[in-house]
Amino acid sequence: MKWKSLAATMMLAALPFTAQAVEPDEILDDPALEARAREISKDLRCVVCQNQDIDSSNAGVARDLRLLVRERLVAGDTDAEVMEFVRARYGDYVLLKPPFKLETYALWLAPALLLLFGAGTVIVVLRSSRARSVADKLSDDDERMVAEILTAENEVSS
Amino acid sequence: MKRAIATLPILIALVFGAFFLWGLNPDRDPNAIPSVLISQPAPDFDLPAVESIGVPGLSREDLFGNSDPVVVNVFASWCVPCRAEHAVLTRMVERDGVRLFGINYKDKPEDARAWLQNLGNPYERIGSDLSGRAGIEWGISGVPETFIVAGDDTVLYRYVGPVVGAEAEEKFATALAQARTRNGGNS
């Protein structure tokens, strides 16, 4: 009984997180088109609440854009054409995946370059530490010094 | 070689430092979205008038062939900052002789009518954008937004948010003055 009520409570508590921004009146009758619309919406940035895709945003403009995406799909556009339609109006900024071009080379290539740089540093450091060969025997001078210290210690303690 | 490696940390610190300095610049607005419309022809749109206010509607043709740059302001009666901006726009029209066009964004005609009767109408033309589709064509993210459009319908400037306060008004006035000299240079 306890378990059941606990499970029920947890399910109820999780309910708000399943809430969708997509409202019932927006959803297309054709499930295939609707699925494509959802996929496209997930790659489009909401220009009001930036860093959120329009699929999960409750902003007015996001809703308008969702409707627009569906309208273009119904009109027979391909996914790429729909993306281009929105991009032409809001710029590259609405694409959650920025295109690879001159302005974004730094963005796309920096991680790889930093990784290469880091790996290079690690290799150089490891190599140089291995090159510094560790002597496994004391030199004659060292031996003599140790002997002197030991005899001095012995004399003090005895 | 050793010496070159020794300077690396300093170089890295400099690069990162410059990046942070750039990031900390108070004039930089990380939320600003560059408009694709700048230096492009105005988008295609055709909006009917707001019912029974006696002001004609607005379409792309109205932005073409003007001798001076015009200001296109997207507003709504439900938008609180628009109320504050209304006074600024009215002053621009009355004092500076700016030609002001309006896009009434997702507004009930009766609300828009009451709002304009209450505050006065500085707009020469007002297009009623009930669906918000023209707003998308203009790439707006909210209201108010204000554009400066050259006489040949090239969009020159976009201001996001209300043009209210000394700093914003000065920014906008500077952009407008630049637009006017550009127009003068063309003719």
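So that the names make sense, note that chain A is the first sequence line, chain B the second, and so on, each numbered from 1.
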J.: Does a sphere of radius 6.0 Å around CD in B:Gln40 hold more than 12 heavy atoms from other residues, nucleotides or ligands, not counting ones at 6.0 Å or beyond?
T.: yes
J.: Please check if the number of heavy atoms outside B:Asp29 that lie under 6.0 Å from its CG is greater than 12.
T.: yes
J.: Step through the shown structure and confirm whether more than 12 heavy atoms of other residues, nucleotides or ligands are within 6.0 Å of CG on A:Asp29.
T.: no
J.: Does B:Phe16 CZ have over 12 foreign heavy atoms under 6.0 Å away?
T.: no
J.: Could you report the tightest heavy-atom contact between A:Asp64 and B:Ser131, atom names first, then the distance?
T.: OD2-O, 3.9 Å
J.: For A:Ala88, which atoms come within 4.5 Å of any heavy atom of chain B: side chain, backbone, both, or neither?
T.: backbone
J.: Report yes or no: does A:Tyr90 contribute a side-chain atom to a donor-acceptor pair with the main-chain N or O of B:Trp138 at less than 3.5 Å?
T.: no
J.: Sort A:Tyr93 into side chain, backbone, both or neither according to what part of it lies under 4.5 angstrom from a heavy atom of chain B.
T.: side chain
J.: Supply the atom-to-atom distance A:Phe117 CZ to B:Ile12 CD1, rounded to the nearest 0.5 angstrom.
T.: 4.0 Å
J.: Is B:Leu37 close to chain A through its backbone or its side chain, or both, or neither, when contacts mean heavy atoms under 4.5 Å?
T.: neither
J.: Would a 4.5 Å heavy-atom cut-off, applied to side chains only, mark A:Leu68 and B:Arg133 as touching?
T.: yes
J.: Does atom NZ of B:Lys106 have more than 12 heavy-atom neighbours from other groups under 6.0 Å away?
T.: yes
J.: Within a radius of less than 6.0 Å around NZ of B:Lys171, do more than 12 heavy atoms belonging to other residues, nucleotides or ligands occur?
T.: no
J.: Let's test your reading of the structure: which of A:Val47, A:Val61, A:Leu65 forms the most heavy-atom pairs below 4.5 Å with chain B?
T.: A:Val47
